[in-house]
Amino acid sequence: MTLHRRTFLIGGLASAGVVLAGSAATAVAYPFTLGVASGEPAADGFVIWTRLAPNPLNADGLGGMTSANAAVEWQVATDATFTQIAASGTVTATQAWAHSVHVTLTGLQPGREYWYRFRALGHISQVGRARTAPAVGSSPALTMLFTSCSHYEAGYFTAYRRMAEENPDLILHLGDYIYEGGAGSGVRTHQPSGEITSLANYRVRHALYKRDVDLQAAHAAAPWVVVWDDHEVENNYANLVRADNSPAGGDFAARRTAAYKAYYEHMPLRSAQAPSGANLQLYRRLRWGSLATLHMLDTRQYRDDQACGDGTKLCPAADDPGRTLTGAAQESWLLDGLGQRLGTWDLIGQQVFFAQKLAAADGSKSMDSWDGYTANRGRLQAGWQSRGNTPVVLTGDVHRHWASNIMDNYATQNKVIGTELVTTSVTSSGDGNAADTGTSSLNPHVKFYKNQRGYVRTVTTPTQMNVDFRVLDKVTVRDYPIKTAQSYVIQAGSPGLLAP
Ligand SMILES: [Fe+2]
């Protein structure tokens, strides 16, 4: 892919020691080892991100930087060779934020491509491609990819490479961008070697992932919109309730604070989203012209503890009307946003399986998913029906592709009121098995299952969404090709999966 080749050439040139006029810091090693990223596209701009880390895996988490501030120059151009500069400036990187920078650009033109790069410590970064959202009132076709669950040890990040090659307008990551566990078995090994709990260790783990060239290619190819799930902190945590006993003890609030801070430092989020104490406001809305509205949820930070001790089981307490997955504030924020009908399509990007999925005839269900918070789901479903919405819910978490019709009543299967597309993982669960079956007569509204790794591609227009479930035959061997396992069409205003 030409974009990536250019990225490599510029990165290679800089790391070979290009000396910039006026720079005295030429002895410092190449600081852009974690690549560049853009995110949060709006009609007038986006965020550009990088982090200075000449020695990214240093155990102190400081990336080989000293306590000194560093000036980071940035440029945004309308062409890939930077002959037409649209905006430029300088921002200060500080050790307090691990020398990460988050520049929120405004004043750009809607609905077009831009290219960006940074310069610091005598070096020039790789080039990234970004895109502004279209203006309200216009609805050009949107090519969007979404994925989740990228465990470093479980496989190579080939899916990220293939995503970059698709030249999408937008990429969503729906959570489990890193995993918190210590070194295990797999095609490569986690650093630090133990389960991460401190700020230094979360920073090193993020740096380990961000050093991956396939991941860097995907970030450089398009703006990302990210939300976390559990493993950015700890498996199946709920708000400030820890779920694991490994490592035993510790102050979980302090651990979550460290994890949220490191997440912010490594993601192309707006500086306004920087964490404050133990909290980080992650749920938010993005508009893609008049075509689509992205309602991005956070189903970890505000949830009640999993009912009946978590797991997959029969648990009447899961149906308690007082239970919440979103928290009351996020629930009303979502319903309010759906009610505004800002675009043709309402896309709800979130973490855990939304539609009912019975695991056994006795009614056993997963307590970590929306099945463990059925009153919250019921209020949302009733709320969007009364507002005239037919949303598409985009989900990660379960390391499998799934596609479902969302039903008004799952017991009677009376009426399709929305559509759920669940992406498989980048690597988590390894190569998988294309022959596995997962659909069941217990869940007639669940139409598709595939146990392979990859991502989902959607091409959305004012009249329909074309959906392709993309898969790789192996992730434990590098460089497999991507292919489509299944396709569907969803008609605007008419919920449910149709044959293409
Ligand atoms: Fe996961």
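Bear in mind that the values here come from a model prediction, so they are computed numbers and not experimental data. Atoms within a ligand are numbered from 1 in the order they appear, just like the ligands themselves.
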I'd like to know: is the Fe ion (ligand 1) within the 2.8 Å range of an N/O/S atom from Cys149, strictly under that distance?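 So Cys149 counts as coordinating the Fe ion (ligand 1), yes.
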For the Fe ion (ligand 1), does an N/O/S atom of Tyr179 lie at less than 2.8 Å?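 Short answer: yes, at least one N, O or S atom is under the cut-off.
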Pair His190 + Tyr179: ring centers closer than 6.0 Å: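 No, they do not, as the ring centres are separated by 6.0 Å or more.
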Can you name the N/O/S atom of His399 that is nearest the Fe ion (ligand 1)?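 For His399, the N, O or S atom at the smallest distance from the Fe ion (ligand 1) is NE2.
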Asp176: its N/O/S atom lying closest to the Fe ion (ligand 1) (atom name):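 Atom name returned: OD2.
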Shortest non-hydrogen contact from Arg300 to Asp368?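 Smallest interatomic distance, heavy atoms only, reads NH2-OD2, 2.7 Å.
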Got a donor-acceptor contact below 3.5 angstrom from the His445 side chain to the Val416 backbone?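 Checking the backbone N and O of Val416 against the side chain of His445, no donor-acceptor pair under 3.5 Å is found.
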Do any N or O atoms from the side chain of Gln351 and from the backbone of Leu297 form a donor-acceptor pair under 3.5 angstrom?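 Present.
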